[in-house]
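Let me begin by presenting the structure, written as structure tokens, before commenting on it.
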Amino acid sequence: MASLSTTVGGIKLECCIYNASGPRTGSAAALQKIAESASGAVLAKSATLVKQDGNPLPRGIQEIDLGERSCPGSINSEGLPNAGIDYYLSKDCVEGVALAAPGKPYLVSLSGLKLKDNLEMLARVGRTAGVHGIELNLACPNIPGKPTMAYDFDQMEAVLEEVFKQAPEGVPLGVKLAPYFDFPHFQRAAEILNKFPIAWVTCINTVGNALIVDATNEMAVIAPKGGFGGLAGGYIKWTALANVRQLRKLLKPEIDIVGVGGVASGEDAFEMILCGACAVQIGTKHWSEGPKCFDRIATELRALMDQKGYSTIKDFQGKLKDWSKPPKALKFGATKASADAGGAAVSKQVQMYQGIISFLLLVIGLLLQAALQSP
Ligand code: RRO
């Protein structure tokens, strides 16, 4: 059977599927549940230096909340609710994870409100045993009055300068990025990231400042920031794939890429790896389905790899081909229903042409007959 083992910035994971920082990651109990699941690692909620409550409620809507509107994704403006870095470095969290799943990597996510806070949190991680890696979040879109740092390239470079002067030795450090949409932005981001000993890049954070509207009540579906929030899940999968693909082309090979955004199935995870990811995080599906999603997605990925004859993820990682033939119609774009509807339309047209031809043949036949009978 195919192996899903991988390394992320030198950290060994038995399974390349693990949780994104965000939903269901804020408490020791939640982290323990992830540890007990098939998730390849346990990543905590982005932490600030001190505990904070986050934005006013309701601040998040996931796919199942919209009922008939069937929303293939989520929106959130949580505003970094978290228990503070000391909590995520406490015995409750660190030992809780280690006891629940010995050997499974435990990663913390840092999202300081100021550079000074990030540096202080790095120092505290350095003094704590049992943390295997750090994800520095440069892309939270939901703090009122704070721009997304990953879009301010000068600031991002200045912050990384300071961070790498003080990053703890022996704890690999990755960076979580915002989605980019323009080739010069990919280029600029990669130029900066390539200057630093970054162990991995996680892309993408949510697509910032989207607005989902409730037409019945004529209002936004979440309360903070006038309803503006980070879009995630199925809505953003294609943007996430593009970011993974493009950054894989531009980043130096020592920097691994972790893909996140809209992965709901083994096939989605396969696509991320094909675009260059060495591991795949799950956010929205973990929120809606709970930690059993990791086993389901890993099982589906393994089955797909077995079917294709791949025994490790290295066999297809980054090997996306350029277009050379049309995709199978039913797998890509057209749904079964729309394909059926299309087929029905085509056969109606054929019937119509057949009718016209029969009618014309009849008229020609009658004319010929008349011509032959005339003296
Ligand atoms: O807590 C949040 O509002 C949040 C964070 Br820190 C983040 O990185 N991305 C996001 O969509 N929400």
Side-chain angles (χ1 to χ4, degrees), residues 4-49 51 80-112 117-118 120-137 140 163 167-176 198-202 205 256-260 277-283 286-287 290-295 297-298:
L4 299 189
S5 74
T6 191
T7 55
V8 176
I11 307 165
K12 194 161 169 22
L13 273 61
E14 288 306 321
C15 173
C16 62
I17 309 293
Y18 68 105
N19 73 285
S21 176
R24 298 178 185 264
T25 55
S27 70
L31 296 173
Q32 201 170 315
K33 282 188 188 143
I34 300 170
E36 286 160 356
S37 77
S39 179
V42 181
L43 172 58
K45 170 71 185 167
S46 287
T48 47
L49 188 57
K51 171 185 183 312
L80 258 170
N82 77 96
I85 187 63
D86 290 339
Y87 176 77
Y88 299 107
L89 299 178
S90 70
K91 282 188 175 178
D92 270 1
C93 292
V94 182
E95 286 182 18
V97 167
L99 284 173
K104 190 174 278 195
Y106 175 57
L107 315 170
V108 292
S109 166
L110 307 183
S111 194
D117 293 359
N118 276 328
E120 176 56 31
M121 289 194 283
L122 285 169
R124 293 187 194 183
V125 175
R127 295 195 291 269
T128 310
V131 176
H132 301 94
I134 301 163
E135 187 175 271
L136 180 68
N137 183 3
C140 175
V163 160
E169 293 245 333
V171 189
L173 192 148
V175 170
K176 184 158 182 184
I198 292 173
W200 76 89
V201 153
T202 303
N205 206 313
D256 283 331
I257 301 197
V258 177
V260 53
C278 66
V280 176
Q281 293 180 354
I282 315 293
H286 178 211
W287 187 5
K292 66 179 189 301
C293 73
F294 304 116
D295 184 42
I297 293 170

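Source: prediction; values computed, not measured.
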(message) Measuring only between side-chain heavy atoms, which start at C-beta, is Pro168 closer than 4.5 Å to Ile134?
(response) yes
(message) Holding to salt bridge (Lys or Arg N to Asp or Glu O under 4.0 Å), I want the full list of residues that pass it with Arg24, two or more places apart in sequence or in another chain.
(response) none
(message) List the residues meeting ring pair (Phe, Tyr, Trp, His ring centres under 6.0 Å) with Phe294, not counting sequence neighbours, and say none if there are none.
(response) His286
(request) Give a yes or no answer on whether the side chain of Asn118 reaches the backbone of Gly112 with a donor-acceptor pair at less than 3.5 Å. (result) yes
(request) Look up atom CD1 in Ile17 and atom CG in Leu4, then write down how far apart they are to the nearest 0.5 Å. (result) 6.5 Å
(message) To the nearest 0.5 Å, what is the distance between CG on Leu13 and OG on Ser39?
(response) 8.0 Å
(message) Just so I know, are the side chains of Tyr106 and Leu31 near enough to count as touching, which here means a heavy-atom distance under 4.5 Å?
(response) yes
(request) Locate the shortest heavy-atom distance separating Val94 from Tyr88; write the atom from each residue and the value. (result) CG2-O, 3.8 Å
(request) Mind checking salt bridge (Lys or Arg N to Asp or Glu O under 4.0 Å) for Asp86 and listing every partner two or more places apart, or none if nothing turns up? (result) Arg124
(request) Quick one: closest heavy-atom pair of Cys278 and Cys16, and the distance? (result) O-CB, 3.8 Å
(request) Ignoring hydrogens and angles, tell me if any N or O in the side chain of Ser21 forms a donor-acceptor pair with the backbone of Ala44 under 3.5 Å. (result) yes
(request) With rounding to the nearest 0.5 Å, note down the distance linking CD1 in Ile257 to CH2 in Trp200. (result) 13.5 Å
(message) Which residues pass the side chain to side chain contact (heavy atoms under 4.5 Å, CB included) test with Asn205, not counting sequence neighbours?
(response) Asn137, Ala139, Pro141, Lys176
(message) Strictly by salt bridge (Lys or Arg N to Asp or Glu O under 4.0 Å), give each pair with a member in residues 25-47 just once, sequence neighbours left out.
(response) none
(message) A side-chain contact here means heavy atoms from C-beta on lying under 4.5 Å apart; do Val125 and Leu89 qualify?
(response) yes
(message) Can you confirm whether Ile11 sits close enough to Leu107 that some side-chain heavy atom of one is under 4.5 Å from a side-chain heavy atom of the other?
(response) yes
(request) Determine the minimum heavy-atom distance between Ile282 and Cys293, stating which atoms define it. (result) CG2-SG, 4.1 Å
(request) Show your working on side-chain contact (heavy atoms from CB on, under 4.5 Å) between Thr48 and Asp117 and close with a plain yes or no. (result) CA-CA 7 Å; Thr48 47; Asp117 293 359; over 6 Å; no
(message) Are Val175 and Val163 packed together at the side-chain level, in the sense that at least one heavy-atom pair is separated by less than 4.5 angstrom?
(response) no
(message) For the NZ atom of Lys104 and the CD atom of Glu14, what is their distance to the nearest 0.5 Å?
(response) 9.5 Å
(request) Drop me the distance from Ser109's OG to Met121's CE, to the nearest 0.5 angstrom. (result) 8.5 Å
(message) As an exercise, state the distance from OG of Ser37 to CG of Asn19, rounded to the nearest 0.5 Å.
(response) 7.5 Å
(request) Specify the closest pair of heavy atoms between Thr6 and Ala279, including all atoms of both residues, with the distance to one decimal. (result) CG2-CB, 4.3 Å
(request) Could you tell me whether the side chain of Tyr87 and the main chain of Gly26 form a donor-acceptor pair under 3.5 Å? (result) no
(request) List for me each residue that meets salt bridge (Lys or Arg N to Asp or Glu O under 4.0 Å) alongside Lys51, sequence neighbours excluded, and say none if there are none. (result) Asp53
(request) Evaluate the side-chain proximity of Leu80 to Ser46: yes if any heavy-atom separation is below 4.5 Å, no if none is. (result) yes
